Trainee: 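Structure provided below as structure tokens; questions to follow.
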Amino acid sequence: MLQQTQVVTVVPYFERWLRELPGWRELARASEEQVLRLWEGLGYYHRARRLQLLAQTVMERFGGEIPSSREELEKLPGLGPYTAAAVAAIAFNQPELPIDGNIRRVLARFGADGAKASRAQDEHFRQLVAPELRAPDRPRQLVQALMELGALVCKPRQPECRACPLRQNCRALAQGHPERYPAKKVALAPRPLHISFCWAVNDDSCVLLRQRPEKGRFPGHFEPPLVEAPGARESQNLLAELLGSQPRTLAPFRRDFTTYRVTWHPHVLEFSGGPLDGYEWVFLELALKLNLVPVLARHLRELAASRRLQSR
DNA sequence: AAGTCGGGGGC
DNA sequence: GCCCCAGACTT
């Protein structure tokens with residue numbers, strides 16, 4: 001959950017998750033719906049799938065006990081170089097250094113290392129810290145200390161250098177501009193994207209939905225008829241083409257994801273006849289409980305609350 | 001090495 | 001509006 005997600009955001013999800021799925025066994029046996037529902041709103045939904053895959057692997061191949069070495073951990077689904085090293089160091093006190101955003105920032109400033117993040121830089125950081133990890137019971141302490149230092153003192157903006165235990169030997173501070181490190185990664189230019197979607201309702205208060213594939217964006221989530229295009233008009237034309245008729249247009253809204261600047265164009269349509277190819281009629285009451293694409297779930301809830309789906 | 005994949009905190 | 005967040009995985 002903590003991969004690319006702030007601690008304050010994760011805490012409520014983590015607590016709810018452990019109440020419903022307290023162990024590997026429960027997670028391994030859980031339904032996809034429950035897993036997705038517990039993850040709803042956290043983003044990066046492939047993490048949820050990999051976490052369940054991890055639970056099943058731990059149960060089937062390791063008898064319910066996660067391995068303790070970084071090498072073994074790194075082979076498991078969802079555990080990359082960072083998480084494998086973090087579990088090895090923090091849970092099992094192995095001499096490993098997980099390099100997250102916090103530790104990268106602390107070490108880049110300490111050595112005034114202006115290079116962009118890379119495998120070579122990671123390796124350099126590990127060699128730098130390795131001697132400090134040798135003492136018994138040290139990895140668990142030092143790793144968490146460096147993370148906390150980065151989160152609370154050596155912050156991205158306005159670092160509190162006066163409170164820093166490393167201030168005597170910090171090269172970035174000596175240069176006078178610690179906030180210049182680490183080097184920023186070149187941001188991908190956000191691209192405009194227009195997504196038109198339609199709540200098609202029939203006389204039985206059903207809406208048209210389909211389930212997205214397990215790969216790609218919003219894996220396994222449900223969605224109404226939906227098309228995307230670089231332009232607004234283009235996306236609306238494609239939607240009408242998909243539906244075979246002209247839906248009523250509602251007010252567009254903005255909600256971005258990853259590197260796209262997305263304008264969402266909602267529509268509604270009184271739709272009689274059989275479902276579109278690949279879609280199903282779902283009772284509105286049930287649809288509101290399904291794992292819809294989160295931004296669309298929000299819109300459907302608001303629409304249902306305003307009762308604009310039934311009226312014409 | 002660069003793209004993909006969400007959503008929110010905090011300024 | 002922007003930067004960043006206890007990154008992993010594919011291409």
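Computed over heavy atoms, backbone and side chain alike; hydrogens, waters and symmetry mates excluded. Values in this document were obtained by computation on a predicted structure and should not be read as measured data. So that the names make sense, note that chain A is the first sequence line, chain B the second, and so on, each numbered from 1.
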Trainee: More than 12 heavy atoms of other residues, nucleotides or ligands under 6.0 Å from CZ of A:Arg254: is that the case?
Mentor: yes
Trainee: Measuring from the side chain of A:Thr83 (C-beta onward, heavy atoms only), which nucleotide among C:dA8, B:dG6, C:dA6 has the closest atom?
Mentor: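 The answer is C:dA8, which lies nearest to the side chain.
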Trainee: The side chain of A:Asp100 is closest to which nucleotide in this list: C:dC4, B:dG6, C:dG7?
Mentor: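 My answer, after comparing the listed nucleotides, is C:dG7.
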Trainee: Taking only side-chain nitrogens and oxygens of A:Arg255, does any of them come within less than 4.0 Å of OP1 or OP2 of B:dG8?
Mentor: yes
Trainee: What do you reckon, is CZ of A:Phe257 surrounded by more than 12 foreign heavy atoms closer than 6.0 Å?
Mentor: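 Check passes, neighbour count above 12.
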Trainee: Could you tell me which non-hydrogen atom of A:Leu239 sits nearest to which non-hydrogen atom of A:Cys198, and how far apart they are?
Mentor: CD2-CB, 4.0 Å
Trainee: Taking the same atom, P, in B:dG8 and in C:dC9, what whole-Å distance lies between them?
Mentor: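 It comes out at 24 Å once rounded to the nearest Å.
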Trainee: Among C:dA8, B:dT4, B:dC5, find the nucleotide with the atom closest to the side chain of A:Arg50.
Mentor: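 Of C:dA8, B:dT4, B:dC5, C:dA8 is nearest to the side chain of A:Arg50.
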Trainee: Report the base-pairing partner of B:dG6 (Watson-Crick or G-U wobble, both distances below 3.5 angstrom), or none.
Mentor: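 Its partner: none found.
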Trainee: Kindly indicate whether the side chain of A:Tyr82 and the base of C:dG7 share any N or O donor-acceptor pair separated by less than 3.5 Å?
Mentor: no
Trainee: Between A:Arg157 and A:Ile90, which has a closest nucleotide on DNA chain C that is more 5'?
Mentor: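 The answer here is A:Arg157.
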Trainee: Salt bridge or not between A:Glu179 and A:Arg157? Use side-chain N to carboxylate O under 4.0 Å.
Mentor: no
Trainee: Please say whether the positively charged group of A:Arg298, taken as NZ for Lys or CZ for Arg, lies over the ring of A:Phe253, i.e. under 6.0 angstrom from the six-membered ring centre and within 45 degrees of the axis.
Mentor: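 A:Arg298 over A:Phe253 ring: no.
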Trainee: Can you tell me how far C1' in B:dG3 sits from the matching atom in C:dA6, rounded to whole Å?
Mentor: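 The same atom, C1', in both gives a distance of 22 Å.
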Trainee: What distance separates A:Ile103 CD1 from A:Leu146 CG, expressed to the nearest 0.5 Å?
Mentor: 5.0 Å
Trainee: Count the heavy atoms of every other residue, nucleotide or ligand shown that sit under 6.0 Å from CD of A:Glu280, and state whether that count exceeds 12.
Mentor: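 Not buried by this count: 12 neighbours or fewer within 6.0 Å.
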Trainee: If you apply the rule ring-ring contact (aromatic ring centres under 6.0 Å, His included), what do you find for A:Trp199 with A:Phe197, and how did you get there?
Mentor: CA-CA 7 Å; A:Trp199 303 115; A:Phe197 61 97; 5.8 Å; yes
Trainee: Whether A:Asp122 and A:Arg104 form a salt bridge (side-chain N of Lys/Arg under 4.0 Å from carboxylate O of Asp/Glu) is what I want to check.
Mentor: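 Counted as a salt bridge, because a side-chain N and a carboxylate O are separated by less than 4.0 Å.
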Trainee: When the nearest nucleotide of DNA chain B is assigned to A:Arg119 and to A:Leu42 on a heavy-atom basis, which residue is associated with the more 5' position?
Mentor: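 Nearest-nucleotide comparison on DNA chain B picks A:Arg119.
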Trainee: Measure from the side-chain heavy atoms of A:Leu188 and tell me the nearest of C:dG7, B:dC5, B:dT4.
Mentor: B:dT4
Trainee: Would you say a side-chain N or O of A:Tyr260 is under 4.0 Å from OP1 or OP2 of B:dG6?
Mentor: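 Checking A:Tyr260 against B:dG6: no side-chain N or O falls below 4.0 Å of OP1 or OP2.
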Trainee: Let me know, please, whether A:Asp256 or A:Ala117 comes out on the 5' side of the other along DNA chain B by nearest nucleotide.
Mentor: A:Ala117
Trainee: Measure from the side-chain heavy atoms of A:Arg217 and tell me the nearest of C:dA8, C:dC4, B:dG6.
Mentor: B:dG6
Trainee: Which residues within residues 4-19 of chain A lie with some heavy atom under 4.0 Å of an atom in DNA chain C?
Mentor: A:Gln4, A:Thr5, A:Gln6, A:Val7
Trainee: Any side-chain N or O of A:Arg254 less than 4.0 Å from the OP1 or OP2 oxygen of C:dG1?
Mentor: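 So the side-chain polar atoms of A:Arg254 never come under 4.0 Å of the phosphate oxygens OP1 or OP2 of C:dG1.
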Trainee: Tell me what A:Arg104 touches on the nucleic acid: a base, only sugar-phosphate, or nothing, going by heavy atoms under 4.0 Å.
Mentor: nothing
Trainee: Touch check for A:Pro294, heavy atoms < 4.0 angstrom, all strands: base, sugar-phosphate only, or nothing?
Mentor: sugar-phosphate
Trainee: Please check if the number of heavy atoms outside A:Glu214 that lie under 6.0 Å from its CD is greater than 12.
Mentor: yes
Trainee: Residues from residues 72-81 of chain A sitting under 4.0 Å of DNA chain C, heavy atoms only?
Mentor: A:Pro77, A:Gly78, A:Leu79, A:Gly80, A:Pro81
Trainee: Of the candidate nucleotides B:dG8, C:dC4, C:dC2, which contains the atom at the shortest distance from the side chain of A:Lys184?
Mentor: C:dC4
Trainee: Nearest of C:dG7, C:dC9, C:dC5 to any side-chain atom of A:Arg105?
Mentor: C:dC5
